[in-house]
2 protein chains.
Amino acid sequence: MEKYKDIGLKLTPQRLAILNYLDGNKEHPSAEDIYRAVSKKFPTMSFATVYNTLETLRQRGGVLELTIDPDKKRFDPNIEPHHHLICLKCKRIVDIHGDYKLGVPNGEKAGFEIIGNHIEFYGICPKCKKSD
Amino acid sequence: MEKYKDIGLKLTPQRLAILNYLDGNKEHPSAEDIYRAVSKKFPTMSFATVYNTLETLRQRGGVLELTIDPDKKRFDPNIEPHHHLICLKCKRIVDIHGDYKLGVPNGEKAGFEIIGNHIEFYGICPKCKKSD
DNA sequence: TATCAAATTAGAATTATTCTTGTCAAGTAC
DNA sequence: GTACTTGACAAGAATAATTCTAATTTGATA
C-alpha cells in the first residue's frame, strides 16, 4: 500500500480496496475480476469506479494496461519493466524478468523515437499441456 | 493473391475483395477499415462476412490477429515472423524485421512450452513528434 | 464544521464483435 | 436437367467490454 500513498489521489475506501486487491497480485486481472473481488466488500461498487480508478492509476504510472488478451484489457500492478509469457489455451499470463536489451536497427526505425519495448512469449502452460 | 490460392477456401468475389485489400497492405487495418474499403465495391458487404473471412484466414495461417490496439483487433497480412513498432499517440503500427533470437531462461519458464514470441516497441512516430 | 472539488453510483449509451436466421449459389448425384 | 448438400452471404439482433451522464455523496482542508 505504501507505494500508492501521496501520489495525489483521494484515498477513498473503494480505491483502497482496489489498490489492496492489486497489490502483489500476479494474475493480471481484468476489470471484471477486480470488480467481482472488490464487490464482496463494497456491494455498491460500480464498474465506473473500477475503470476510473484504473485509468487514474495508469496515468500516474501505478498500473500497466495490458493488451495481450483480445477480449478484454488486463491490468498489471507490477510496474517494474518486465515481459510476459502467455498460454495460448487458457490465456494465463506469467511475468518474466529476464534482462533483454533490445534495439531497433536504424534502418527500421521509420523515424520513430523509441521509448520502450515489451516481449510476449507464447506457449502452452503446464496445466493445459496435461489436459489435452 | 497467389499465396491465398489452394488453401481450401471457396474464392467468392467478397473474399477476393478482402484478400485483394489485405494483400501487401502495411496499415494493419481493423475490421472496420476492411469493411469500409470493401464496401465500396460490395455495398451489401456485412461485418459478418468480414469477420468470418478474417477468422477463416487466421485459422489457416493467412493473416495474423494483432492485440496491440486496446480498442480493437487489427489484422496483419504479413505472415512472416516479424515484430512491431507502435506509435503511442496515433496508434500507427510499423513492421520490423530485425532478427532477434529470444529465449526464456529455464528458471522463468514456469513449465511452459514456448512456441513463439513477439516484440512490441513503443515510441512516437515522426508525424506525431512534429505536431506536438 | 462548512466548503468544494473530486469521487461514487446506477444505469444508459457506445463500440467492437459474435450470433441467428433465412437466403442464395455452386457443385454433385441421380 | 432437377433435387440435394454444403458453404457462404446478408441483415439485423444479441452480447460483452467499456465509456459516458447526471445526480449524489464524500474526503481533504481551511
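The chains referred to below are lettered A, B, ... by the order of the sequence lines, with proteins before strands, and numbering in each begins at 1.
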**OP:** Report the C-alpha distance between B/Phe121 and B/Ile86 in whole Å, list the side-chain angles of each, state the deciding distance to 0.1 Å, and finish with yes or no for side-chain contact (heavy atoms from CB on, under 4.5 Å).
**Re:** CA-CA 6 Å; B/Phe121 289 94; B/Ile86 300 122; over 6 Å; no
Subject >> B/Leu54 CG to C/dT17 C1', straight-line distance once rounded to whole Å >> reply: 12 Å
**OP:** Take the protein atom CG of B/Leu11 and the nucleotide atom C1' of C/dG27, then report the distance between them rounded to whole Å.
**Re:** 15 Å
**OP:** Return yes if a side-chain donor-acceptor contact under 3.5 Å exists between B/Asn52 and B/Thr49, otherwise no.
**Re:** no
Original post:
Starting at CG of B/Leu66 and ending at P of C/dA16, how long is that distance when rounded to a whole Å?
Top reply: 17 Å
Original post:
Between A/Arg15 and C/dT8, does any side-chain N or O lie under 4.0 Å from OP1 or OP2?
Top reply: yes
Subject >> Nucleic acid contacts of residues 33-52 of chain B, taken as heavy-atom distances under 4.0 Å to DNA chain C >> reply: B/Ala48, B/Tyr51
**OP:** Round to a whole Å and report the spacing from NZ of A/Lys72 to P of C/dT18.
**Re:** 13 Å
Original post:
What is the distance, rounded to the nearest whole Å, between atom CD of A/Glu55 and atom C1' of D/dT19?
Top reply: 11 Å
Original post:
A/Ile68, B/Phe112: one ILVMFWY side-chain cluster at the under-4.5 Å cut-off?
Top reply: no
**OP:** May I ask you to evaluate whether B/Thr12 reaches the phosphate of D/dC9, defined as a side-chain N or O under 4.0 Å from OP1 or OP2?
**Re:** yes
Original post:
Quick one: is A/Lys73 getting a side-chain N or O under 4.0 Å of the C/dA16 phosphate, OP1 or OP2?
Top reply: no
**OP:** Could you walk me through whether B/Val38 and B/Asn20 pass the side-chain contact (heavy atoms from CB on, under 4.5 Å) test, one step at a time?
**Re:** CA-CA 9 Å; B/Val38 178; B/Asn20 191 51; over 6 Å; no
**OP:** Please tell me which of the listed nucleotides, D/dA8, C/dT17, C/dA7, lies nearest to the side chain of A/Lys10?
**Re:** C/dA7
**OP:** Scan side-chain atoms only and decide if A/His118 and A/His83 contain a donor-acceptor pair under the 3.5 Å cut-off.
**Re:** no
Original post:
Reading DNA chain C 5' to 3', how would its secondary structure be written in dot-bracket notation, given Watson-Crick and G-U pairs with both distances under 3.5 Å, brackets [ ] for crossing pairs and | for partners on other strands?
Top reply: ||||||||||||||||||||||||||||||
Original post:
Could you state the CD1-C1' distance from A/Ile18 to C/dA7, rounded to the nearest angstrom?
Top reply: 11 Å
**OP:** Might you work through the side-chain contact (heavy atoms from CB on, under 4.5 Å) test for A/Thr67 and B/Asp69, ending with a clear yes or no?
**Re:** CA-CA 7 Å; A/Thr67 59; B/Asp69 188 324; over 6 Å; no
Subject >> Sugar-phosphate, base or nothing in reach of A/Pro13, heavy atoms under 4.0 Å >> reply: sugar-phosphate
Original post:
In whole Å, what is the span from the CG atom of A/Leu16 to the P atom of C/dT8?
Top reply: 10 Å
**OP:** Tell me whether B/Ile93 is reachable from B/Tyr100 by hopping between hydrophobic residues (I, L, V, M, F, W, Y) whose side-chain heavy atoms are closer than 4.5 Å.
**Re:** no
**OP:** Can you tell me the distance, in whole Å, between the CD atom of A/Glu32 and the P atom of D/dT15?
**Re:** 16 Å
Original post:
Have A/His28 and A/Asp95 got a donor and an acceptor in their side chains that come within less than 3.5 Å?
Top reply: yes
Original post:
Shared ILVMFWY cluster between A/Tyr122 and A/Ile119, side chains joined below 4.5 angstrom?
Top reply: no
**OP:** Please state whether the phosphate of D/dT26, meaning OP1 or OP2, lies under 4.0 angstrom from any side-chain nitrogen or oxygen of A/Gln14.
**Re:** no
